[in-house]
Amino acid sequence: QVQVKESGGGLVQAGESLTLSCTILSGLTLDDNDLGWFRQAPGREREGVSCIDWSGTSTYYSDSVRGRFTISRDDAKSTVYLQMNSLTPEDTAMYYCATIRPCSSRGLRYGESTYLGPGTQVTVSS
């Protein structure tokens with residue numbers, strides 16, 4: 001069983017920034033996996049926000065966050081990050097880190113994914 005610690009969510013105003021972290025505590029070897037962030041808002045479909053491949057050399061973003069969000073990973077710390085800038089109320093959602101296969105533009109929409117933790121809430125006020 002995979003144990004993770006997701007953190008970094010919170011309540012911010014539009015235009016502000018947050019950095020989400022997902023640290024694998026046990027049960028998963030990070031450097032064997034492509035990783036991603038998904039989000040789910042009430043009444044809206046799940047959205048694959050971003051992913052990073054196992055080597056850290058390839059990253060992909062949904063159209064709604066490209067240019068504002070940056071995904072990264074630190075395998076030595078067993079952690080994947082999502083830096084979120086210029087937040088808007090439309091970014092309000094529960095954010096989940098996940099394994100994803102494959103990490104690609106298509107994979108964000110249709111790939112296999114497994115949520116690793118309970119998620120962290122991001123709320124952006126206008």
Side-chain angles (χ1 to χ4, degrees):
Q1 185 176 355
V2 179
Q3 292 188 313
V4 302
K5 178 181 178 182
E6 291 168 305
S7 61
L11 172 62
V12 297
Q13 293 187 332
E16 295 184 340
S17 300
L18 284 172
T19 299
L20 306 184
S21 299
C22 174
T23 300
I24 310 302
L25 302 176
S26 66
L28 184 72
T29 302
L30 203 68
D31 56 6
D32 289 345
N33 289 276
D34 295 351
L35 300 168
W37 288 93
F38 292 77
R39 66 185 181 185
Q40 180 83 59
R44 300 178 67 178
E45 291 188 1
R46 187 188 80 158
E47 179 183 12
V49 173
S50 180
C51 67
I52 184 167
D53 77 343
W54 65 273
S55 69
T57 59
S58 296
T59 58
Y60 297 88
Y61 300 91
S62 65
D63 291 342
S64 62
V65 307
R66 188 177 295 110
R68 299 187 298 121
F69 290 12
T70 302
I71 191 171
S72 61
R73 61 191 292 162
D74 185 340
D75 289 352
K77 296 182 178 180
S78 296
T79 301
V80 58
Y81 304 95
L82 187 67
Q83 171 71 41
M84 306 185 295
N85 298 327
S86 302
L87 286 162
T88 75
E90 288 68 39
D91 295 315
T92 295
M94 185 71 80
Y95 285 70
Y96 302 89
C97 67
T99 57
I100 183 172
R101 185 171 61 184
C103 174
S104 65
S105 293
R106 182 175 177 82
L108 283 175
R109 290 193 174 192
Y110 307 113
E112 296 179 12
S113 61
T114 301
Y115 287 179
L116 298 176
T120 184
Q121 177 69 38
V122 172
T123 303
V124 185
S125 63
S126 58

Given 3.5 Å as the limit, does a donor-acceptor pair link the side chain of [X] with the main chain of [Y], or not?
X	Y	result
Tyr60	Arg106	no
Arg73	Asp53	yes
Thr57	Ser55	no
Glu6	Gly119	yes

- Does CZ in Arg101 sit with more than 12 non-hydrogen atoms of other residues, nucleotides or ligands closer than 6.0 Å? no
- Item | Pair Ser21-Lys77, side-chain contact (heavy atoms from CB on, under 4.5 Å): steps then yes or no | CA-CA 11 Å; Ser21 299; Lys77 296 182 178 180; over 6 Å; no
Under a 3.5 Å threshold, yes or no: a donor from one side chain and an acceptor from the other, between [X] and [Y]?
X	Y	answer
Glu90	Ser64	no
Arg46	Ser113	yes
Thr19	Gln83	yes
Thr23	Thr79	yes

- Message: According to salt bridge (charged side-chain N to carboxylate O under 4.0 Å, His left out), who are the partners of Arg68, at least two apart in sequence or on a separate chain?
- Response: Asp91
- Task: Using the disulfide bond (SG atoms under 2.5 Å apart) rule, collect all pairs that involve residues 28-62, keeping only residues at least two apart or in two chains.
- Result: Cys51-Cys103
- Atom of Leu35, atom of Thr99 and distance for their closest heavy-atom approach: CD2-CG2, 4.1 Å
- Please check if Phe38 and Val80 belong to a single hydrophobic cluster, counting links between Ile, Leu, Val, Met, Phe, Trp and Tyr side chain heavy atoms closer than 4.5 Å. no
- Message: If the condition is ring-ring contact (aromatic ring centres under 6.0 Å, His included), which residues does Tyr96 pass it with, not counting sequence neighbours?
- Response: Tyr115
- Query: Less than 4.5 Å apart, any side-chain heavy atom of Asn33 and any of Trp54?
  - Reply: no
